[in-house]
Amino acid sequence: METVAGVLRGAGESIPLPEDLGSLVGRVLEEGADVFFRLSSPLGPVFVAVGRRGVTCVDRVGSEEEFCRRYRGRFGRLLMPAGKRDLDLAGRLAAALAGRQVEVPLDLERMTPFQRRVMRVVRGIPRGEVRPYGWVAREAGSPGASRAVGNVMARNPLPLLVPCHRVVRNDGTPGNYGFSPREKVRLLREEGVPLEELSGSPYTATPTTGVFCHTTCRHARRIQPENRLAFRSPADALRAGFRPCRVCRPVAV
DNA sequence: TGGGTGACGCTCC
DNA sequence: GGGAGCGCCACCC
């Protein structure tokens with residue numbers, strides 16, 4: 001594939017360039033451009049941009065031109081279409097977008113330490129499970145910062161790869177989502193999240209073990225229907241004598 | 001530096 | 001039961 005750098009080398013140095021283009025070309029020669037993929041995902045076709053440190057953004061915009069223009073405005077870097085040698089990465093990205101546990105490096109460099117911690121916590125929420133904003137805040141080391149977690153989620157540059165659709169309100173209702181709350185509900189249903197059951201009873205316990213979990217925790221979902229007890233809050237479950245699950249940690253341990 | 005903002009959460013009525 | 005009001009926290013300008 002012919003590269004910008006290659007073309008410029010071929011053209012020689014005698015062609016004057018406009019100042020802003022000249023600086024961009026200099027950056028391409030120095031560092032190379034970031035690359036982008038167009039992939040299918042549960043949100044429909046998306047563009048995924050990848051820089052040297054990992055994936056920088058996932059977005060659902062109309063044209064390649066618009067995506068590249070916005071990317072240049074936001075990250076100050078040129079974007080080029082991924083080439084044939086990037087096929088392996090394209091496959092891994094598609095799998096990760098589909099919610100499979102595939103290791104894909106993410107570039108969180110531009111984020112504050114709090115934002116990075118939130119992104120790491122949310123990335124660990126398994127497919128088919130959800131956690132409340134307040135839980136994410138606590139796990140990220142800032143108990144009480146649930147509203148701040150909402151702010152981070154609202155600006156999540158890596159939807160699906162950082163599954164912010166799996167962060168829900170404390171009462172088990174889905175809450176808001178950047179692409180629309182309806183889209184969030186659809187994604188969660190596709191992952192098998194029992195939204196009706198969750199709403200109003202986000203915690204589930206069983207007398208057989210004396211343990212309570214987030215209702216979508218993989219352990220809670222194995223409880224036989226006749227042994228299930230629903231709770232509205234961890235405090236209610238604790239008062240009833242249950243201890244918190246060590247896997248989904250419904251309260252601080 | 002400090003006030004405004006918000007994909008939250010809790011209390012009160 | 002549900003909505004209004006307010007606290008909280010991190011970030012942005």
Side-chain angles (χ1 to χ4, degrees), chain A residues 41-44 46 55-61 70 73-76 97 99 106-191 193-204 212-217 230-240 244 248-252:
Chain A
S41 82
L43 284 168
V46 291
V55 183
T56 50
C57 81
V58 174
D59 207 350
R60 198 172 67 163
V61 292
R70 275 167 54 161
R74 188 166 167 193
F75 294 92
L97 289 169
L106 304 181
D107 182 357
L108 308 179
E109 199 72 15
R110 292 165 169 267
M111 298 187 174
T112 66
F114 174 74
Q115 288 169 335
R116 278 199 284 266
R117 293 200 303 274
V118 167
M119 299 294 269
R120 288 198 190 99
V121 169
V122 173
R123 203 183 182 191
I125 303 173
R127 181 184 166 81
E129 299 189 22
V130 297
R131 297 290 182 270
Y133 287 93
W135 177 89
V136 173
R138 196 194 73 215
E139 292 283 313
S142 300
S146 47
R147 200 147 189 174
V149 168
N151 286 343
V152 177
M153 298 293 89
R155 294 176 184 79
N156 177 14
L158 301 162
L160 299 176
L161 298 182
V162 174
C164 56
H165 59 285
R166 296 182 194 146
V167 184
V168 300
R169 297 175 61 146
N170 208 28
D171 60 3
T173 57
N176 220 331
Y177 190 56
F179 292 112
S180 92
R182 190 179 290 182
E183 206 63 294
K184 185 173 189 174
V185 167
R186 188 179 62 75
L187 288 173
L188 292 174
R189 282 199 205 291
E190 277 178 16
E191 296 189 358
V193 174
L195 289 169
E196 286 74 20
E197 181 189 345
L198 196 62
S199 177
S201 57
Y203 300 93
T204 297
F212 76 99
C213 298
H214 288 105
T215 291
T216 57
C217 168
F231 289 98
R232 298 181 73 87
S233 73
D236 289 349
L238 288 169
R239 266 196 297 276
C248 68
R249 297 184 294 279
V251 295

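Every chain is numbered from 1 and lettered A, B, ... according to where its sequence line falls, protein lines coming before strand lines.
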What is the distance from [atom1] of [X] to [atom2] of [N], rounded to the nearest Å?
X        : N     : atom1 : atom2 : answer
A:Arg117 : C:dC9 : CZ    : P     : 14 Å
A:Met153 : B:dA7 : CE    : P     : 12 Å
A:Asn176 : B:dG6 : CG    : P     : 12 Å
A:Leu188 : B:dA7 : CG    : C1'   : 13 Å

Hey, what are the protein-to-nucleotides 10-12 of chain B N/O distances that come in under 3.5 Å?
unit_1	atom_1	unit_2	atom_2	d
B:dC10	OP1	A:Asn170	ND2	3.2
B:dC10	OP2	A:Asn170	ND2	2.9

side-chain contact (heavy atoms from CB on, under 4.5 Å) involving [X] - partner list, sequence neighbours excluded:
X        : result
A:Ser233 : A:Ala235, A:Asp236
A:Arg74  : A:Pro157
A:Ala140 : A:Arg117, A:Val118, A:Val121
A:Ala240 : A:Phe231, A:Phe242

Please name the pair of heavy atoms, one in A:Val168 and one in A:Thr173, separated by the smallest distance, quoted to 0.1 Å. CB-O, 3.5 Å
Which part of the nucleic acid, if any, lies within reach of A:Ala148 when heavy atoms closer than 4.0 Å are counted: base, sugar-phosphate only, or nothing? base
Residues pairing under salt bridge (charged side-chain N to carboxylate O under 4.0 Å, His left out) where one sits in residues 148-168 of chain A, two or more places apart or in two chains, turn out to be A:Arg166-A:Glu191
Not counting sequence neighbours, list each pair that qualifies as a salt bridge (charged side-chain N to carboxylate O under 4.0 Å, His left out) and has a residue in residues 167-183 of chain A. A:Arg60-A:Glu183, A:Glu183-A:Arg186
Could you work out, with ring pair (Phe, Tyr, Trp, His ring centres under 6.0 Å) as the rule, every residue matching A:Tyr177, not counting sequence neighbours? A:Phe179
No-hydrogen, no-angle side-chain donor-acceptor test under 3.5 Å, A:Thr204 and A:Thr215: yes
Do A:Arg127 and A:Glu129 sit within salt-bridge range, that is, some charged N less than 4.0 Å from a carboxylate O? no
Could you pull out all residues at least two apart from A:Asn170 that satisfy side-chain hydrogen bond (donor to acceptor under 3.5 Å, both in side chains)? none
Between N or O atoms, less than 3.5 Å apart, protein on one side and nucleotides 3-8 of chain C on the other: list the pairs.
unit_1	atom_1	unit_2	atom_2	d
C:dG7	O6	A:Arg147	NH1	2.7

Determine, step by step, whether A:Ile125 and A:Trp135 satisfy the side chain to side chain contact (heavy atoms under 4.5 Å, CB included) criterion, reporting the C-alpha distance in whole Å, the side-chain angles of both residues, the deciding distance to 0.1 Å, and the verdict. CA-CA 11 Å; A:Ile125 303 173; A:Trp135 177 89; 4.3 Å; yes
Just to be sure I understand the geometry, which residues of residues 121-142 of chain A put a non-hydrogen atom under 4.0 Å away from DNA chain C? A:Ser142
Would you call the rings of A:Tyr203 and A:His214 parallel, tilted or perpendicular, where under 30° means parallel and over 60° means perpendicular? tilted
What pairs of nitrogen or oxygen atoms, one from the protein and one from nucleotides 11-13 of chain C, lie under 3.5 Å apart?
unit_1	atom_1	unit_2	atom_2	d
C:dC11	OP1	A:Thr112	OG1	2.2

